[in-house]
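Encoded as structure tokens, the structure appears first; notes follow it.
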Amino acid sequence: MSEEETEEEAAEPAVELGEGTGVEGAPLARVAARLTWPQERSRIVEKEGDATIRTPEGPRNLEDVLAETETTYFDTRQTFVEAVESVVGRGPVQTE
């Protein structure tokens, strides 16, 4: 394989993206990855409360979702994700 062939392959995307409409909001995993653990709910609201997350029913504001949880202290990332998913559900995100 020549160097020229390798550069050509690198220029092409590994996965072709479709032409469909975008999905509003950030994946919950991305928001959770921006935080360090443990965290209090109030600190998460200060840092990421204005973030819009993707849910099966459409985009929702993280602060509103956290207000519906009974948990005030998240010792791990998984605890946070489980609490949010208990409110918004888990499943495919609707695009239209």
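Model, not experiment: these values are computed from the prediction.
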**Spacing of F74 atom CZ and L66 atom CG [to the nearest 0.5 Å]** = 5.5 Å
**Fill in**
Taken to the nearest 0.5 Å, the spacing of T55 OG1 from E24 CD works out to 10.5 Å
**Prompt:** Testing L28, V65, D64 for side chain to side chain contact (heavy atoms under 4.5 Å, CB included) with V88, which one passes?
**Reply:** V65
**Asked** Are any non-hydrogen side-chain atoms of E48 and Q39 less than 4.5 angstrom apart?
**Response** no
**Request:** Please report the closest heavy-atom contact between A51 and R34, naming both atoms and the distance.
**Result:** CB-NH2, 4.2 Å
**Fill in**
Taken to the nearest 0.5 Å, the spacing of K47 NZ from L62 CG works out to 13.0 Å
**Complete:** So the salt bridge (Lys or Arg N to Asp or Glu O under 4.0 Å) pairs with at least one residue in residues 77-95 (sequence neighbours excluded) are E85-R90
**Message:** Tell me whether the rings of W37 and F80 are parallel (<30°), tilted (30 to 60°) or perpendicular (>60°).
**Reply:** tilted
**Item:** Heavy-atom pair with the smallest gap, counting every atom of G91 and P56
**Value:** N-CG, 3.7 Å
**Asked** With E46, which residues qualify under salt bridge (Lys or Arg N to Asp or Glu O under 4.0 Å), at least two apart?
**Response** R43
**Prompt:** Considering all heavy atoms of both residues, which atom of P59 and which atom of T52 are nearest to each other, and what is their separation?
**Reply:** CB-CG2, 3.5 Å
**Request:** Indicate the atoms forming the closest heavy-atom contact of V87 with R60, along with that distance.
**Result:** CG1-NH1, 4.1 Å
**Request:** Over all heavy atoms of both residues, which pair between N61 and G49 is shortest? Give the atoms and the distance, please.
**Result:** OD1-O, 2.9 Å
